[in-house]
Amino acid sequence: MRLFVESSKPIRAAATYIRMSVFVLERGIALTDEFDDKDSEEMIYAVLFKGNQPVATCRFESPKPDTLKIGRVATLKDYRGQGYGRQVITAMETKAKEVGMVHSIIHSELTAQGFYEKMGYHVASNTFMEDGVPCVVVKKEL
């Protein structure tokens with residue numbers, strides 16, 4: 001297993017591959033909803049590889065100087081349930097702590113809420129719709 005947290009072209013391409021596979025092709029989320037203006041050359045992604053296969057990813061955003069917003073968390077279907085999503089999220093939390101961030105938030109789909117709660121997050125909002133999917137904000141102190 002190899003884990004990268006960076007904004008290089010190969011890592012951005014690997015993240016795009018996973019997100020396209022999971023969100024657009026598998027889940028039916030519109031391409032224009034999944035890939036937004038935040039997907040820039042400067043955006044940092046965590047990507048976990050099993051051999052040469054990218055298997056899990058997430059994106060690093062910072063809505064405030066002390067706050068990490070983890071977004072676009074995805075694991076390829078054949079690799080779910082093996083802790084790979086947890087690994088990319090933990091890598092982002094570590095990166096955030098290294099640059100002085102103390103809070104982490106995630107817009108969690110309701111179906112993933114329990115996963116994030118097991119990682120120490122708690123619900124901090126009412127349910128809302130994002131890209132046609134019911135979500136809640138979950139947060140934790142880093």
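Checked against ring pair (Phe, Tyr, Trp, His ring centres under 6.0 Å), F49 has the following partners two or more places apart in sequence or in another chain: F4.
Residues P63 and K69 come closest through the heavy atom pair CD-CB, 3.7 Å. Contact record, L76 with Y17: CD1-CE2, 3.9 Å, taken as the closest heavy-atom pair. The two residues Q82 and Y79 have their closest heavy-atom pair at NE2-CA, 3.5 Å. Closest heavy-atom contact between Y116 and S108: CD1-OG, 3.2 Å. Of all non-hydrogen atoms in S125 and V137, the two that sit nearest each other are OG-N, 2.8 Å. P54 approaches V47 most closely through the heavy-atom pair CB-CG1, 4.0 Å.
One hydrophobic cluster, built from ILVMFWY side chains closer than 4.5 Å, holds both V99 and V5. With hydrophobic clusters built from ILVMFWY side chains whose heavy atoms lie under 4.5 angstrom apart, V22 shares a cluster with I29. Both I44 and V73 belong to a single network of hydrophobic side chains, linked directly or stepwise wherever heavy atoms of I, L, V, M, F, W or Y lie under 4.5 Å apart.
Counting only distance, with no hydrogens or angles, the side chain of R2 and the backbone of L48 share no donor-acceptor pair below 3.5 Å.
Atom CG of L31 is separated from atom CG of D36 by 11.0 Å, given to the nearest 0.5 angstrom. To the nearest 0.5 Å, the span separating CZ on R59 from CZ on R12 amounts to 13.0 Å. Distance check, rounded to the nearest 0.5 Å: CG of L68 to CD1 of I106 gives 7.5 Å. Going from atom CD1 of I18 over to atom OG1 of T75 covers 7.5 Å, rounded to the nearest 0.5 Å.
For the salt bridge (charged side-chain N to carboxylate O under 4.0 Å, His left out) with R19, the lone residue among D131, D39, D33 that qualifies is D39.
Counting heavy atoms of neighbouring residues, nucleotides and ligands inside a 6.0 Å radius, atom NZ of K140 exceeds 12 of them.
At least one side-chain heavy atom of E61 sits less than 4.5 Å from a side-chain heavy atom of M43. You'll find the side chain of I89 reaches within 4.5 Å of the side chain of F115, heavy atoms only. Residues E130 and E109 have side chains not in contact (no heavy-atom distance under 4.5 Å, counting atoms from C-beta outward). Counting only heavy atoms from C-beta outward, the side chains of E117 and V138 never approach each other to under 4.5 Å. Looking only at side-chain heavy atoms (C-beta outward), R80 and V55 stay at 4.5 Å or farther from each other. The side-chain heavy atoms of R72 and E34, taken from C-beta on, include a pair separated by under 4.5 Å. Residues Q113 and T127 form no side-chain contact, since every pair of their non-hydrogen atoms from C-beta on lies 4.5 Å or further apart. At least one side-chain heavy atom of L3 sits under 4.5 Å from a side-chain heavy atom of V88.
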Between K50 and D78, does a salt bridge (charged side-chain N to carboxylate O under 4.0 Å, His left out) hold up when you go through it step by step? CA-CA 12 Å; K50 186 171 185 178; D78 291 345; over 6 Å; no
With side chain to side chain contact (heavy atoms under 4.5 Å, CB included) as the test, would you mind laying out the steps for I70 and E93 before giving the verdict?
CA-CA 9 Å; I70 297 174; E93 292 171 347; 4.2 Å; yes
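Under the 3.5 Å distance criterion, with hydrogens and angles disregarded, a donor-acceptor pair is assigned to the side chains of S104 and Y121. Remark: the E141 side chain and the H103 side chain contain an N/O donor-acceptor pair separated by less than 3.5 Å.
Under a 4.0 Å N-O distance rule, the pair E26/K77 does not qualify as a salt bridge.
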